[in-house]
Undergrad: 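The structure's right below; bear with me while I get my questions together.
When reading the values below, keep in mind they use all heavy atoms of this one structure, side chains included, and skip hydrogens, waters and symmetry mates. Throughout, protein chains are lettered first and strands after them, A, B, ... in sequence-line order, and every chain is numbered starting at 1.
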2 protein chains.
Amino acid sequence: MANSHPRTPPLAPRKRPRQRRSAATVETILDGAARILEAGGLEAFNTNAVAARAGVSVGSLYQYFPGKDAVMAALVRRDALGFAAQVEAAIAPRPGESWRAAVDRLLDVAVAHQLDSPRLARILDFEEARLPLDAETAQAEAAIQACIAGVLLRAGDDLAGLDIDQAAGDLVHIARALTDAAGRGEGASSEDLKARVRRAVLGYLGVAANMTAT
Amino acid sequence: MANSHPRTPPLAPRKRPRQRRSAATVETILDGAARILEAGGLEAFNTNAVAARAGVSVGSLYQYFPGKDAVMAALVRRDALGFAAQVEAAIAPRPGESWRAAVDRLLDVAVAHQLDSPRLARILDFEEARLPLDAETAQAEAAIQACIAGVLLRAGDDLAGLDIDQAAGDLVHIARALTDAAGRGEGASSEDLKARVRRAVLGYLGVAANMTAT
DNA sequence: GCCATATCAGAGCAAAAGCTCACATTTCTG
DNA sequence: CAGAAATGTGAGCTTTTGCTCTGATATGGC
């Protein structure tokens, strides 16, 4: 245990345990999982299928994830973090613009995100309610809510007497519900969908829906 | 193939195959399935558990249902039919009332239905999207939409230039999303929830939300 | 009572799914 | 290059689960 030569640095030399931990493999597995879910739904989601689709062995999968649910949870987390980043980018205020313009960008992001992989998005929403979400995921969700609340605050007197935080949560749910339904084939074009979500959102907020923002 | 004696009724005499088909047993199984889903979610939903919870044997279960998904589908159908009946009762117009009063009754029914067994309701919504729905279920869903569209039609000029059918669908999704979220513990009281759903619904329709109906 | 028919029970089977482990391969260090 | 550490592999073990099948029990008409 004791090192014999004073020349060697005292405590750190052998400690650096090679934590290579190929992040690429983790991403590969998550990609495989996402493709399985999008193609076959929850039924098709099993560890053998995920590993095969990702091009790795089950052994490798279990090296990075303690179990099936952990893969699901990691997918949820990745999705939440990515969406939160998009939302944060979208709400950055442009000089002289109305708060409605920011809402419009939020709608763009939300609709695009949900329509990108509709089935996957729906399943992740469902599973997010079932799994105990880790701190990072919870924080991402909170950040999304905070972003929306921030935009609503810009509205000022336009939204007098409204519980901003509750409204932010409700708006997320409303947007998700309408885009989910559209992703299941009920809706029409992306533009039409966005118009309807805007109608629902601005309607909830109590401001007229038809008229473009500045 | 030819029958020898003209005296015996030609084809029907031995045919009356005792189709007792204990409807009570079917209901019992569905009740068990509902309780399993409400208590343990989709994970806990397997045929052995359902049969045990219902107090029947697996053998009996498979006598009435061809497989696991059929139980799920029957549950979805029962729920849809029940909800459709409630909706139909709710929209019956009272003399001299505003169309908003009917909307209010619809909200009562919808919120109560979803909050009665929140987890079950959410799972049924999810599974309804996955399973191929039989004619009866599809008809019930269509009836619900038609009821809502009927109420919206009473609004007349108040809703000029709105796609009534699409609006009916959107409103269903919005109401479900908000009540689902509330059922997961996010929301507060039933009254508060109803007020928020009304805000969303009337907001979508483009009429002011605060003021009671006649 | 007696037979035919309908209904129910539950042991157990075959397939699927979650997961492990002994070994192979790659990568890093000296 | 040699040895060690990290990483990857996949056959196969264990448990779960959807379902079947043989036999037992209840019911109805004669």
Undergrad: In residues 34-54 of chain B, which ones come under 4.0 Å of DNA chain C, going by heavy atoms?
TA: none

Undergrad: At 10 degrees resolution, what angle do the end axes of the helix from dG1(C)-dC30(D) to dG30(C)-dC1(D) form when each is taken over five base pairs?
TA: 10°

Undergrad: Please give, in whole Å, the distance from dC8(C) C1' to Phe65(B) CZ?
TA: 15 Å

Undergrad: If you assign Ser60(B) and Gly59(A) each to the DNA chain C nucleotide with the nearest heavy atom, which residue ends up on the more 5' nucleotide?
TA: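 The residue closer to the strand's 5' end, by nearest nucleotide, is Ser60(B).
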
Undergrad: Kindly state each residue pair satisfying salt bridge (charged side-chain N to carboxylate O under 4.0 Å, His left out) with at least one member in residues 23-36 of chain B, sequence neighbours excluded.
TA: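 Those involving residues 23-36 of chain B are Glu27(B)-Arg78(B), Asp31(B)-Arg78(B).
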
Undergrad: Measure CD1/Ile29(A) against P/dT7(D) and give the value in whole Å, please.
TA: 13 Å

Undergrad: Consider the side chain of Ser57(B), meaning its heavy atoms from C-beta on, and name the nucleotide among dA9(C), dT7(C), dG10(D) that approaches it most closely.
TA: dA9(C)

Undergrad: Gln145(B) and Asp165(B): side-chain donor and acceptor closer than 3.5 Å?
TA: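 There is no such pair (donor and acceptor under 3.5 Å, judged by atom type) between the side chains of Gln145(B) and Asp165(B).
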
Undergrad: Do Asp192(A) and Arg196(A) meet the salt-bridge criterion of a basic N to acidic O distance under 4.0 Å?
TA: yes

Undergrad: When rounded to the nearest 0.5 angstrom, what is the spacing between CD1 in Ile144(A) and CD1 in Ile91(A)?
TA: 11.0 Å

Undergrad: In terms of side-chain heavy atoms of Tyr64(B), which of dT7(C), dG8(D), dA11(C) is nearest?
TA: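 Nucleotide nearest to Tyr64(B)'s side chain: dT7(C).
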
Undergrad: Within this structure, what is the CG-CD1 distance for the pair Leu171(A) and Ile148(A), rounded to the nearest 0.5 Å?
TA: 6.5 Å

Undergrad: Quick one: pull up CZ in Phe126(B) and CG in Leu131(B) and give me the separation to the nearest 0.5 Å.
TA: 10.5 Å

Undergrad: Please list, chain by chain and in numerical order, all residues satisfying side chain to side chain donor-acceptor pair (under 3.5 Å) with Asp108(A), sequence neighbours excluded.
TA: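 Asp108(A): side chain to side chain donor-acceptor pair (under 3.5 Å) contacts with Lys194(A).
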
Undergrad: Between Glu97(A) and Arg105(A), does at least one N-O distance fall below 4.0 Å, as a salt bridge requires?
TA: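 Counted as a salt bridge, because a side-chain N and a carboxylate O are separated by less than 4.0 Å.
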
Undergrad: Which atom pair, heavy atoms only, marks the closest approach of Gly67(B) to Tyr62(B)?
TA: CA-CE2, 3.9 Å

Undergrad: Please identify each residue that fulfils side chain to side chain donor-acceptor pair (under 3.5 Å) with Glu38(B), with sequence neighbours left out.
TA: none

Undergrad: Any donor-acceptor pair under 3.5 Å linking the side-chain atoms of Asp180(B) with those of His173(A)?
TA: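 The criterion, which ignores hydrogens and geometry beyond distance, is not satisfied for Asp180(B) and His173(A).
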
Undergrad: Using a 4.0 Å cut-off on heavy atoms, which residues in residues 66-76 of chain A reach DNA chain C? List them by number, or say none.
TA: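 Within residues 66-76 of chain A, the residues near DNA chain C are Gly67(A), Lys68(A).
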
Undergrad: Measure CG/Leu61(A) against C1'/dT20(C) and give the value in whole Å, please.
TA: 13 Å

Undergrad: With a 4.0 Å limit, can you tell me whether Thr25(B) has a side-chain N or O closer than that to the phosphate oxygens OP1/OP2 of dT7(C)?
TA: no

Undergrad: Without decimals, in angstroms, what is the distance between Gln63(B) CD and dC8(C) P?
TA: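 One finds 6 Å between P of dC8(C) and CD of Gln63(B), rounded.
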
